[in-house]
Amino acid sequence: MESKYFYSPEAQTDTVFAIIGRPWALLLGWLVLINLVTFFVFGFDKLQAKRKEKKESIRRVPEKTLLILSAIGGSVGALIGMRVWRHKTLHKKFRFGVPLILALQIILPFGLWLYWNVIRVS
């Protein structure tokens with residue numbers, strides 16, 4: 001008698017999916033997680049910036065870290081964090097850099113999809 005809750009893989013790829021999950025679900029989970037983290041890191045840095053005015057020993061989040069978080073998938077969270085927290089909006093590096101990163105994160109996968117599914121097939 002086979003339990004309907006037990007997953008028995010049929011092929012090698014099913015074994016991988018049973019262990020790590022579906023690739024699109026993993027990607028979606030990663031994007032949600034990294035965008036939430038980036039949003040709150042922007043907020044934390046804004047809080048630290050306000051606190052630093054009163055006490056000089058406060059440590060801030062480096063700009064490099066904020067840009068790296070944007071580059072590894074958190075660009076939407078960075079843009080929303082910049083608007084909500086009103087943080088880093090006057091820095092050209094962020095005002096132009098983060099939207100550029102987001103544009104690349106949209107255009108590059110679309111270009112690869114276009115190449116693999118339309119151009120290469122023709």
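Everything numeric in this text was worked out from a predicted model, so none of it was measured. Hydrogens, waters and symmetry mates play no part in the numbers below; they use all other heavy atoms, side chains included.
Phe42 and His87 have perpendicular rings, their planes meeting at more than 60° on a 0 to 90° scale where under 30° would count as parallel. The aromatic rings of His91 and Phe94 lie perpendicular to each other, with more than 60° between the two planes, well past the 30° mark.
More than 12 heavy-atom neighbours from other residues, nucleotides or ligands sit within 6.0 angstrom of CZ on Arg95. The environment of Lys50 atom NZ is sparse: at most 12 non-hydrogen atoms of other residues, nucleotides or ligands sit within 6.0 angstrom.
Taken together through direct or relayed side-chain contacts under 4.5 Å among Ile, Leu, Val, Met, Phe, Trp and Tyr, Leu33 and Ile101 form parts of separate hydrophobic clusters. Under the 4.5 Å side-chain heavy-atom criterion for grouping Ile, Leu, Val, Met, Phe, Trp and Tyr, Ile72 is connected to Phe44 within one hydrophobic cluster. By the rule that hydrophobic residues join a cluster once side-chain heavy atoms approach within less than 4.5 Å of another member, Leu102 and Trp30 end up as members of one cluster. Val76 is not connected to Leu26 by any chain of hydrophobic side-chain contacts under 4.5 Å among Ile, Leu, Val, Met, Phe, Trp and Tyr, and they are in different clusters. Ile106 and Leu100 fall into different hydrophobic clusters, where Ile, Leu, Val, Met, Phe, Trp and Tyr side chains are chained together by heavy-atom contacts under 4.5 Å.
The structure places OG1 of Thr89 at 8.0 Å from CZ of Arg83, a figure rounded to the nearest 0.5 Å. Rounded to the nearest 0.5 angstrom, Asn35 CG and Ser75 OG are separated by 6.5 Å.
When side chains are defined from C-beta on, Lys93 counts as touching Leu67, because their heavy atoms get closer than 4.5 Å. Here the side chains of Met82 and Val98 are in contact, with some heavy-atom distance below 4.5 Å. At a threshold of 4.5 Å between non-hydrogen side-chain atoms, the residues Trp85 and Leu47 do not count as touching. The shortest side-chain heavy-atom distance between Lys88 and Glu63 falls under the 4.5 Å cut-off.
At least one donor-acceptor pair under 3.5 Å links the side chain of Gln105 to the backbone N or O of Ser70. For Thr38 (side chain) and Ile34 (main-chain N/O), a donor-acceptor pair under 3.5 Å exists by modelled atom type.
Every residue two or more places apart in sequence or in another chain that forms a side-chain hydrogen bond (donor to acceptor under 3.5 Å, both in side chains) with Arg60 is listed here: Asp45.
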